[in-house]
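None of these values were measured; they are calculated from a predicted model. Below, chains carry the letters A, B, ... as their sequence lines are ordered, and counting in each starts from 1. Side-chain atoms are counted along with the backbone in the values below, which use heavy atoms only and exclude waters and symmetry mates.
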Number of protein chains: 2
Amino acid sequence: MATIYDVSVLAGVSLATVSRVMNKNTKVSEKTENKVLDAMKQLDYRPNAIAQSLASSRSNSIGVLVSELHGPFYGAMMSGIEAELRTAKKHVIIAAGHSDEESEKEGIEFLIDRRCDALILHVEAVSDEYLIELSQGSTPIVLINRYIAELKDSCIYLDNQLGGYLATKAMIESGHTALAYISGPFWKVDTQARLAGYKQALAESGLEFDPSLVYEGDYLETGGSRGFQALMKAERSFTALVCANDEMAAGAMDAARQLNVEIPSQVSIVGFDNIILANYIYPKLSTINYPIAEMGHMAARWVLRNTYKNKSLSIKNMFNPALILRDSISSL
Amino acid sequence: MATIYDVSVLAGVSLATVSRVMNKNTKVSEKTENKVLDAMKQLDYRPNAIAQSLASSRSNSIGVLVSELHGPFYGAMMSGIEAELRTAKKHVIIAAGHSDEESEKEGIEFLIDRRCDALILHVEAVSDEYLIELSQGSTPIVLINRYIAELKDSCIYLDNQLGGYLATKAMIESGHTALAYISGPFWKVDTQARLAGYKQALAESGLEFDPSLVYEGDYLETGGSRGFQALMKAERSFTALVCANDEMAAGAMDAARQLNVEIPSQVSIVGFDNIILANYIYPKLSTINYPIAEMGHMAARWVLRNTYKNKSLSIKNMFNPALILRDSISSL
DNA sequence: TTGTAAGCGTTATCAG
DNA sequence: CTGATAACGCTTACAA
């Protein structure tokens, strides 16, 4: 591969001049510029991004850490980020954290070692303290779906508790008083917030919170199925089921069908996230909208504004969940 | 951030020695090694991956190009690749090609400029010639879901025609003789192969191919819905619908519901890909299994074997589609 | 086993 | 406006 040196020789100028025409930061006479451009074309020259990063200590690439590379939620998030950054000619380096502390740290270190100009993180397992310390470092970080008071300006988050509240409230307003809940893993922060919203809505309506009506799932279809089966076997019956995400809701609906319980006439279901799937299962799933693609865009804009100094961009940190009514809830 | 130089000073050894203990390729006395290790720990030293790449001209990272960062198909593919590479301590840099020639080339160049040790490509818009030329370059490439005779050893592909054939055959064997088809964009190679399989099955059973029964979709739910509506309006009626992927099948089922046509009693439907969704829509979608996660693993193993010289790994280039019977096909 | 020094391909600072 | 030249942080012959 041709290097900047080859170009300079062929163009009959110095290294520095070639560098200048690439970076357009210093004036170069038109004549020289053309000579250089020609030489580049002839040699099919492509700058070595690695060497550029080393010399300039900026890589024009942003590190993104997601829990998984698959799944509708992370997919939408990555797409949102990439779309925004692409317009600014910045690139994305993605790593997976697998909701595991070691992996998340490893992923973050990989991205930092790669000299990413900034990091967009969707992390679940690392502690607030770790993140606060990380933010002292030289690589700027943005957090998605996590709120840490000390870092609030670099958090792009959803009011998860409000979401849980809205979902539950929708059931209560439809006349339900026996509401089961399929939760995500209890240790996750967003799980806790959503569950808190459920409790809040119950309390507000004078309904008692019954731990035997909540099942700890895994945010996957299988967890939803198992949860539904478990809940049906338990002594307390219910007419409404709120699920901490759509995938578990889909799993629960599947299990319901197998147990011959009809949705929504016998059990109403509401999900959370509003993934595309929610609109294509039957009956169409009522859910809480989580504007994750939009939030991905916003996180990217944060980077554009703060790291690349594009001050014309405005940032919104908190996003609101909203109830989306479809066909999986019936009135009692 | 501490550099190798800081470490060498603190440990009282030379740069080279520090480098040696990092790379474990030359013998270093235990005593020196410990001094160095201590110094590293004290300084919280992390090697600069960029500098390493520049000096060694290998980056330990593999570039992956997918059409989109979202979507169940690409999600599964990226996950498969990442999982395999992670075990070998290699990392992944992902770019999106958006099924557009310019974007795909841009993405590939980005990855090459980043000095990826190898590229795993799921490309649709670039020509065979481009890829053949690319493969002459110094960065090894593997192709997923694409077969190019000249590059066959580095292709990990599915027999798409066989898949289309199997899907169609399943309908015919269930007694259907009027089969509609919702296709992907005609310009895509896999689209053509799947459609060819459909034609092949028809021909084999003496059924005439009727172009008015095929609709050109976009591989998205919306395309499936629109396709179903269009097909229903056309003069020729049909009792079976084969869709070139599951997402369009889901869209078609949704449209069917709105038009009050019952699945599968009035119209049988079969999809393609076997994405998770297929198992959670109602009725459960019969489809063609596309082992994309497995193929992602295999592509990664190809890299491990060929680029990183792990010869103990064996490679399988062609994968077979298989019919998965669920509830969306009824016998006539 | 260890040190010296020449790169790797750019950027960026200084002179001119 | 252009050219030398010193970094950037690390690897890797070549010597010792």
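- Residue A/Thr26 is classed as a base contact, given a heavy-atom separation below 4.0 Å to a base.
- Between B/Ser57 and C/dC8 there is no side-chain N or O to OP1 or OP2 distance below 4.0 Å.
- Nearest heavy-atom pair, B/Trp187 versus B/Ser99, reported as atom, atom and distance to 0.1 Å: CH2-O, 3.6 Å.
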statement: Given protein heavy atoms under 4.0 Å, the one-letter contact record of nucleotides 6-16 of chain D, with B base, S sugar-phosphate only and - none, is simply --BBBBBB---

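- A/Leu131 has its side chain within reach of A/Arg146: a pair of non-hydrogen atoms, C-beta onward, lies under 4.5 Å apart.
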message: Test ring pair (Phe, Tyr, Trp, His ring centres under 6.0 Å) on A/Phe73 and A/Tyr290; report intermediate values, then the result.
response: CA-CA 9 Å; A/Phe73 186 83; A/Tyr290 193 131; 5.0 Å; yes

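- The stretch residues 29-43 of chain A comes close to DNA chain D through A/Ser29, A/Thr32, each having a heavy atom under 4.0 Å from the strand.
- Side-chain contact check for B/Tyr308 and B/Asp117: at least one donor-acceptor pair (N or O, by modelled atom type) lies under 3.5 Å.
- Recorded end-axis angle for the helix from C/dT1-D/dA16 to C/dG16-D/dC1 stands at 40°, based on five pairs per end and rounded to 10 degrees.
- With hydrogens and angles disregarded, a donor-acceptor distance shorter than 3.5 Å links the side chain of A/Trp302 to the backbone of A/Asp153.
- Residue A/Lys311 qualifies as enclosed at atom NZ: its count of foreign heavy atoms under 6.0 Å is above 12.
- For the atom pair CG (B/Leu151) and CD1 (B/Ile132), the distance works out to 6.0 Å, reported to the nearest 0.5 Å.
- No side-chain donor-acceptor contact under 3.5 Å links B/His98 and B/Ser103.
- A salt bridge is defined here as a Lys NZ or Arg NE, NH1 or NH2 lying under 4.0 Å from an Asp or Glu carboxylate O, and B/Lys105 with B/Glu109 fails to meet this definition.
- A donor-acceptor pair under 3.5 Å is formed between the side chain of B/Arg305 and the backbone N or O of B/Leu313.
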